[in-house]
Amino acid sequence: MFEDSWYSIVPDIAQRRGTTNSNAPSSATGHRRKESLLQQPNENIGNGAHGTQLSALYEDHENTNSPPPATLIPRANSWSDLSKVDIKRSPPPTKIAPQKRHKTHDIRSQLEALTLCPLERRLGVVAQDGVSYDESTEELLQASQQEYLLYHGQLELTERHLGTLVEDANKALGILESLCKSFQTVEEQTTSFRSQCDDLLTEQKRLEALAEEVGTDLHYYAYLDNVTRRLNAPGAGRLVDDEAFAEVLANLDSCIDFMTKNNHYRDAESYLARYQSLLTKALHLLEVGFTNRLEKVSSEIARQIASTQSESARHALAYGRFEEILLESYSLIPNIQTVVLSAYDQYGQAKPGLNSDIYSNTANNLFHAYWAVRDRDLKPIVQHEAEAFRQEAKDLSVETAARTFVKQCFERSYNEATLFRKLFSIEPHYSTDAKSAFAALKSNTRSLVTGTNITPIATALQPVLQAKDLKTICQVVGWVTSEYLLLDYDEDETPFTTHCRGLASRLLVEHLWTFTDAFFEAEIAKSISKAAITPEALKIGAMTGNDSASNAFPPVKKAVELLGMFDQSMPKERCQRNSPVVFKIVKESIAGLQRAEARIKSSKNGTDPDLFMIKNLLLLKNELMTLEIGDVRNSQAAGIGLEHFGQIWEAISSNIPLNLVGNIITSFTSYIPGSSLWSRGNGAPTPPAGSQNVTQDDAGEQLDNLLRQSIYGFTRRWATTINEAIAKNKLGGKNIAKIERDLDEMLDRAFTNQPEVVAKLKEAIQIDAQAQNEAAKENKSGGRGVKT
């Protein structure tokens with residue numbers, strides 16, 4: 001940046017010093033100027049003669065506190081190194097030898113001597129070499145200031161150097177400012193250029209997108225010839241066993257979707273029809289390929305199954321070997337799964353889509369072809385199991401045979417469902433949708449039991465159970481319910497148990513429950529509705545053991561038995577939610593009791609009609625309560641009792657005024673824990689005698705009203721009889737003890753071993769009698785007041 005001349009330190013002072021020294025007189029005697037401090041230690045002066053040492057001047061050098069002699073410094077690398085270089089390169093200060101003082105002369109005496117010198121001599125004295133005094137003085141002054149002048153020169157040099165640096169920096173700043181302005185000018189010029197380039201790029205992208213769109217649209221038109229040649233080629237059937245078949249289906253779907261969305265394009269409808277036709281043709285090729293594959297495998301497996309009698313060998317051939325051979329294909333099974341999953345999801349629900357109808361039709365055809373082959377191959381096994389079931393039911397036990405047969409069918413159905421899932425990659429679940437895979441498979445009724453076809457089980461069971469009694473049917477149905485629908489809490493949920501639960505639910509709902517209900521209705525009509533009523537049946541006989549139903553009305557006894565059997569064979573949800581069978585049992589039992597009550601009243605056979613109704617209605621109501629809480633007792637083991645009677649009576653025994661006998665009876669019969677069975681709320685007490693309309697469709701409400709009326713009539717009549725007997729006894733009439741004894745005998749005969757029932761009825765009679773007496777007293781007091 002700077003030239004070397006900037007660092008050539010040759011001050012003018014040094015030049016003048018040389019000139020002055022060369023002209024100085026060189027006398028051998030007299031005073032001499034001390035050596036210049038600018039002279040280097042080893043430098044020669046004049047013609048090579050060394051000057052006299054300063055000690056010869058007898059000057060005072062005691063004051064040595066002076067700056068070091070100035071020296072020329074070399075060129076510094078930078079300004080920060082200048083001081084360091086000066087210190088390193090400066091020669092060591094010259095040590096002036098101590099001068100000896102002359103004992104005979106003193107400085108003061110010398111000065112005085114100089115003062116005494118004549119003025120002419122002092123002013124006009126001229127050195128031998130011709131130098132005047134003024135010049136000497138100037139030289140002495142310069143010599144004394146030589147060190148400071150050297151520093152001043154160095155500072156001036158530094159100032160000039162720094163000034164030059166500042167000027168160069170200002171020039172650099174000016175250059176940078178001009179560059180900045182130039183850059184701004186260039187930026188202004190390039191902004192418009194950039195915007196033009198952006199516009200060009202945008203236009204390029206638009207053209208590229210347009211070209212790509214045109215090329216894509218053209219692809220949907222150009223693909224028609226390619227796929228037509230491939231599907232119409234002589235060896236097109238081999239395409240279904242290749243990975244390219246799935247690509248063909250995907251391309252056809254894309255083309256059909258494009259033509260449907262862009263129907264305003266030229267010839268779009270024509271191309272759409274042709275693509276749909278090609279899709280149908282491709283799927284038909286898949287159906288043919290799959291059918292041929294099934295036939296090939298079936299011809300080998302069916303022959304081996306027919307030739308063996310071992311159950312384990314047949315099972316291994318029907319499932320293990322069949323699956324191994326059928327799945328040995330390059331891409332046929334994956335292509336089938338692709339088609340099926342295009343129509344249904346993994347649970348068999350229909351998928352929405354433009355070509356869903358075409359795919360679902362093909363999938364259903366594949367399903368039917370598969371099940372047709374499976375039904376044909378496994379028919380020997382299915383027929384053998386059905387014959388074994390019928391023979392075992394005939395020779396041994398129907399219940400045991402039915403259990404074995406149902407288990408075999410459920411296991412076979414699970415194996416078939418597993419194989420179906422591996423082949424088609426779906427597992428159809430129960431669905432009421434007509435477009436679901438379940439609905440499509442359910443319509444395929446064959447002899448093989450599958451997850452959607454349970455008709456063969458019902459077809460085999462119903463003819464055998466038809467010839468048996470209702471109890472056997474209930475045992476079989478109850479076993480299916482408890483075995484598969486009612487799982488234990490500690491039982492693990494497995495795919496097999498889930499599958500069996502679904503099969504059992506459909507078997508019961510669609511077949512066995514309807515079959516069992518028909519048997520119950522037939523038994524109800526035979527044993528209750530059309531039962532012959534004998535005169536002995538209208539009497540309340542003595543109880544047998546602890547069975548409270550032993551002396552009940554025969555149709556009611558049969559109704560209680562049927563309710564117990566129905567509860568054992570059905571889940572609680574079906575018994576407690578308006579079951580038609582339960583409704584009919586209760587309805588026909590009430591009708592039979594009403595007919596019997598009418599005959600008792602007309603024949604006057606000595607039976608209390610109200611007590612007859614109370615006895616049988618309480619028995620029927622107690623059984624309904626037991627069924628609701630799920631506590632179904634075995635009548636043969638423990639007998640049938642009125643274990644809920646105390647609970648009913650306690651509900652009416654508190655906070656009831658003694659004079660409200662009607663409300664007592666109402667509350668007594670309204671407290672029905674099983675009332676929810678008949679969808680009736682527990683509201684305000686119902687009046688005792690027919691003030692509320694009875695719904696004919698609600699058998700439970702009808703039963704409650706009849707029970708209220710019977711209890712009210714029984715307690716009212718006997719309370720009146722007792723009050724009349726007491727009044728007559730005071731007048732010398734009939735003894736009241738006989739009436740109470742007759743009442744006790746009647747109640748004990750009707751409710752043997754049930755003292756709680758007898759005590760509550762007696763209590764009700766006493767409360768009613770007391771209420772009648774109080775009412776009579778009030779009437780008398782009221783009559784006197786009116787007369788007065």
Side-chain angles (χ1 to χ4, degrees), residues 227-253 255-256 273-302 322-323 325-346 348 350-351 353-378 416 419-428 434-446 448 450 452-453:
V227 70
T228 302
R229 287 193 301 269
R230 297 187 68 177
L231 295 178
N232 292 327
R238 296 190 296 270
L239 184 63
V240 299
D241 201 12
D242 191 89
E243 294 179 353
F245 185 77
E247 183 180 354
V248 170
L249 294 179
N251 292 334
L252 288 175
D253 288 339
C255 293
I256 292 174
R274 296 179 67 181
Y275 279 130
Q276 289 178 344
S277 176
L278 290 174
L279 178 61
T280 305
K281 182 178 180 61
L283 295 177
H284 177 70
L285 292 176
L286 182 64
E287 293 179 18
V288 173
F290 181 62
T291 303
N292 294 336
R293 182 69 179 176
L294 285 175
E295 293 295 335
K296 181 179 179 181
V297 176
S298 175
S299 61
E300 180 180 352
I301 297 298
F322 180 84
E323 176 185 353
I325 298 177
L326 185 62
L327 297 180
E328 286 181 355
S329 63
Y330 181 63
S331 296
L332 177 62
I333 302 303
N335 290 333
I336 291 174
Q337 294 175 356
T338 301
V339 172
V340 173
L341 292 177
S342 298
Y344 305 106
D345 60 9
Q346 60 178 346
K351 283 185 177 180
L354 185 63
N355 302 320
S356 59
D357 294 337
I358 301 176
Y359 280 111
S360 61
N361 185 37
T362 302
N364 295 338
N365 293 337
L366 295 174
F367 296 158
H368 289 302
Y370 171 78
W371 287 121
V373 172
R374 293 296 293 170
D375 184 73
R376 184 184 62 204
D377 294 344
L378 300 181
E416 289 294 337
L419 182 59
F420 186 86
R421 183 177 63 253
K422 292 180 180 179
L423 179 59
F424 295 103
S425 191
I426 65 170
E427 186 175 2
K435 295 183 179 180
S436 63
F438 182 87
L441 294 172
K442 186 179 179 181
S443 62
N444 184 17
T445 304
R446 302 184 184 276
L448 182 62
T450 62
T452 57
N453 182 30

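These numbers come from the heavy atoms of this one structure, side chains and all, not from hydrogens, waters or symmetry mates.
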Search all heavy atoms of Ile426 against all heavy atoms of Ala437 and return the closest pair with its distance. CD1-CB, 4.3 Å
With side chains defined as the heavy atoms from C-beta onward, is the minimum distance between Trp371 and Leu441 less than 4.5 Å? yes
Above 12 or not: heavy atoms from other molecules or residues under 6.0 Å from CZ of Arg421? yes
Determine whether Leu354 and Ile256 make a side-chain contact, defined as any pair of heavy atoms from C-beta on separated by less than 4.5 Å. yes
Between the OG1 atom in Thr338 and the CD atom in Glu243, the distance rounded to the nearest 0.5 Å is 10.5 Å
Closest non-hydrogen contact found for Ala244 with Arg230 is CB-NH2, 3.5 Å
Over all atoms of both residues, closest heavy-atom pair of Ala282 and Leu249: CB-CD2, 4.1 Å
May I ask you to decide if Leu423's main-chain N or O and Gln337's side chain share a donor-acceptor pair within less than 3.5 Å? yes
Hey, is NZ on Lys296 packed in by over 12 heavy atoms from elsewhere, all under 6.0 Å? no
Side chains of Val340 and Ser425: does their closest heavy-atom pair fall under 4.5 Å? no
Interatomic spacing from CZ in Phe322 to CG in Asp377 - rounded to 0.5 Å: 6.5 Å
Please check this pair: side chain of Asn453 against backbone of Leu448, looking for a donor-acceptor N/O pair closer than 3.5 Å. yes
Of the non-hydrogen atoms in Lys281 and Leu231, which two are nearest, and what is the gap between them? CE-O, 3.3 Å
Between NE2 of His284 and CG of Asn365, what distance do you get to the nearest 0.5 Å? 10.0 Å
Look at the rings of Phe367 and Phe420 and say which category their plane angle falls in: under 30° parallel, 30 to 60° tilted, over 60° perpendicular. tilted
Check: Asp242/Ser331 side-chain N/O donor and acceptor closer than 3.5 Å: no
Looking at side-chain heavy atoms only, is the closest gap between Tyr344 and Ser436 below 4.5 Å? no
More than 12 heavy atoms of other groups within 6.0 Å of Arg274 CZ: no
Salt bridge check: are Arg376 and Glu295 linked by an N-O gap of less than 4.0 Å? yes
Ile325 and Arg293 have their tightest heavy-atom pair at O-NH2, 2.7 Å
Tyr359 side chain to Asn364 side chain, donor-acceptor N/O pair below 3.5 angstrom: no
Just so I know, are the side chains of Ile336 and Leu332 near enough to count as touching, which here means a heavy-atom distance under 4.5 Å? yes
Between Glu416 and Arg374, is there a side-chain heavy-atom distance shorter than 4.5 Å? yes
Under the criterion side chain to side chain contact (heavy atoms under 4.5 Å, CB included), I'd like the reasoning laid out for Asn335 against Tyr330: C-alpha separation, chi angles, the key distance, then a yes or no. CA-CA 10 Å; Asn335 290 333; Tyr330 181 63; over 6 Å; no
Heavy atoms of Ala343 and Ala363 approach each other most closely as CB-CB, 4.5 Å
OG1 (Thr228) and CG (Leu278) are apart, to the nearest 0.5 Å, by 4.5 Å
Are the side chain of Asn292 and the backbone N or O of Val288 linked by a donor-acceptor pair below 3.5 Å? yes
Side-chain contact test, heavy atoms from C-beta onward, threshold under 4.5 Å: evaluate it for Ser342 versus Asn355 and give yes or no. no
For the pair Phe424 and Tyr370, evaluate ring pair (Phe, Tyr, Trp, His ring centres under 6.0 Å) and give the outcome as yes or no after the intermediate values. CA-CA 10 Å; Phe424 295 103; Tyr370 171 78; 5.6 Å; yes
Could you check Thr280, Val240, Leu239, Val248 and say which one makes a side-chain contact (heavy atoms from CB on, under 4.5 Å) with Leu285? Val240
Please check if the side chain of Thr291 supplies one atom and the backbone of Glu287 the other of a donor-acceptor pair under 3.5 Å. yes
